[in-house]
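Every heavy atom of this structure was used, including side-chain atoms; hydrogens, water molecules and symmetry mates were not. Predicted model, so just to flag it, every value in this text is computed and none were measured.
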Amino acid sequence: MQNEYPITAQATAGRRERPVVALVVPCYNEEDMLPVSAPQLLALLDDMVAEGIASADSFILCVDDGSRDGTWELIGRLHAKDHRLKGITLAHNRGQQSAMLAGLMTVRPMADAAITIDADLQDSPQAVVEMVRLYRRGYDIVYGVRASRSSDSFYKRASARAFYKLQSALGLETIYDHSEFRLMGRRALDILEEYPERNLFIRGIMTSIGLKWTTVTYDRCARAAGETKYSFGKLLSLSVDGITSFTAKPMRLIFGLGLVLLLLDVVISAWVLISHFGGNAMSGWASLMLSIWFLGSIILIALGIIGEYVGKIFTEVKRRPRYNIAESLMD
């Protein structure tokens, strides 16, 4: 997937020479990591201000996603030391996607551009500088894309490759090797605010927005402290959410599988009739049982896929809030 949007002088019209940049940092049980990452992010703001590519009003927003440790208390102490580090905490754990959206919608009226970055800083903070430069050149969205996965284990590389290939095969358009590390300008944030769905998959929404975009490649760093919060189960759940929120192709695959099984049934029926009238009928208990179990499994899988879509509809029509902010430190 390549950027097809040329940048013109009109694209940069009205943009500040020194934009207000907000770094949005979703946090869940990051009590060990924040003391390491917060000073680095504040230093990054200082560097961008000194270089003249960001406003001195730029800030960091830490979004506590209902952590069970002392993350929110730590954010409060960091905020007291430097008010450029702000914070909100959700009433309970809603997941990374909702926490990220809460942060983006909170900074939308205050910032010219928002950059989402994980608290572990495995996504290179230095790539943030290049993102801001590209924003100043006229891009509305800048995706952070990993240069390689050579540092990952075989299991992690294989699962990530399967994650993206599954999405692509089922019709979901995403940026390969891009997670949630991206810059969004004010126009992109305003459009994102108009998406009302409760089943969030922001990566999928971003590619459907259609504004001018480009990518920045970077080498992923090792986590300095704490543990990763993304297990294979969460990655799989996120992939299912993305697929069922943006494409109905699994439903069409079920229909296609039904037609294939119907044709197979016609062939088997013909063979059974020929065997019966030819006097060659044999007891087929094993084949009968295998057929029953096979068809039963297909039916249950089909019902499960249909249930995913029905469950999504059930969640969406209730129109419940996607998150609730319990406390904020925005002064």
>> If I compare all heavy atoms of Asp65 with all of Gly95, which pair ends up nearest, and what's the gap?
In response: OD2-N, 2.9 Å
> Sub-3.5 Å donor-acceptor pair from the side chain of Ser98 to the main-chain atoms of Tyr323, do we have one?
Replying inline: no
>> Just verifying a value: how many Å separate Ile141 CD1 and Leu189 CG, rounded to the nearest 0.5 Å?
In response: 9.0 Å
>> With rounding to the nearest 0.5 angstrom, report the CZ to CZ distance, Arg136 to Arg16.
In response: 13.0 Å
> Which atom pair, heavy atoms only, marks the closest approach of Asn29 to Arg68?
Replying inline: OD1-N, 2.7 Å
>> Are the side chains of Thr207 and Tyr143 in contact, using a 4.5 Å heavy-atom criterion?
In response: yes
> Given the rule in the side chain to side chain contact (heavy atoms under 4.5 Å, CB included) test, do Arg133 and Tyr135 qualify, once you have shown the distances and angles that lead to the verdict?
Replying inline: CA-CA 5 Å; Arg133 289 196 179 107; Tyr135 166 78; over 6 Å; no
> Within the side chain of Asp118, is there an N or O that forms a donor-acceptor pair under 3.5 Å with the backbone of Asp120?
Replying inline: no
>> Give me the atom names and distance for the closest heavy-atom approach of Ile75 to Cys62.
In response: CD1-CB, 3.7 Å
> Say you draw a straight line from CD1 of Ile60 to CD of Gln40; how long is it, rounded to the nearest 0.5 Å?
Replying inline: 10.5 Å
> Just wondering, do Thr71 and Tyr28 contact through their side chains at under 4.5 Å, heavy atoms?
Replying inline: no
> Okay, side chain of Ser67, backbone of Asp69: is any donor-acceptor separation there less than 3.5 Å?
Replying inline: no
> Closest heavy-atom contact between His79 and Lys86?
Replying inline: ND1-CA, 4.0 Å
> Are the side chains of Val216 and Val145 in touch, meaning some heavy atoms are under 4.5 Å apart?
Replying inline: no
> Is the closest side-chain heavy-atom distance between Thr106 and Ile325 below 4.5 Å?
Replying inline: yes
>> Please say yes or no: joined through hydrophobic side-chain contacts below 4.5 Å, possibly via intermediate residues, are Val49 and Val129 part of one cluster?
In response: no
>> Return the CG to CG distance between Leu34 and Leu78, rounded to the nearest 0.5 Å.
In response: 6.5 Å
> To the nearest 0.5 Å, how far apart are CG in Asn324 and OG1 in Thr89?
Replying inline: 11.5 Å
>> I want to check something: taking the side chain as every heavy atom from C-beta on, are Ser58 and Leu45 in contact at a cut-off of under 4.5 Å?
In response: yes
>> For Ala127 versus Phe181, what's the shortest heavy-atom pair and its separation?
In response: CB-CE2, 3.8 Å
> Do you know which of Val20, Ile191, Asp112 makes side chain to side chain contact (heavy atoms under 4.5 Å, CB included) with Arg186?
Replying inline: Asp112
> Heavy atoms, side chains only, cut-off 4.5 Å: are Ile205 and Glu197 in contact?
Replying inline: yes
> Minimum heavy-atom separation for Arg182 to Met131, with atom names?
Replying inline: CA-CE, 4.0 Å
> Do Ile88 and Met330 have side chains that get closer than 4.5 Å, going by heavy atoms?
Replying inline: yes
>> If you apply the rule side chain to side chain contact (heavy atoms under 4.5 Å, CB included), what do you find for Arg322 with Met105, and how did you get there?
In response: CA-CA 12 Å; Arg322 290 175 287 192; Met105 293 301 100; 5.7 Å; no
> Please walk me through it: do Leu121 and Leu41 pass side chain to side chain contact (heavy atoms under 4.5 Å, CB included)?
Replying inline: CA-CA 9 Å; Leu121 296 191; Leu41 291 175; 3.8 Å; yes
> Among Ile209, Ile202, Leu200, which one satisfies side chain to side chain contact (heavy atoms under 4.5 Å, CB included) with Tyr195?
Replying inline: Ile209
>> To the closest 0.5 Å, what do you measure between CD (Glu180) and CD (Gln96)?
In response: 5.0 Å
> Does the side chain of Ser179 reach to within under 4.5 Å of the side chain of Arg203, using non-hydrogen atoms?
Replying inline: yes
> Passes side chain to side chain contact (heavy atoms under 4.5 Å, CB included), Met110 versus Phe59? Steps please.
Replying inline: CA-CA 10 Å; Met110 308 160 60; Phe59 61 95; 3.8 Å; yes
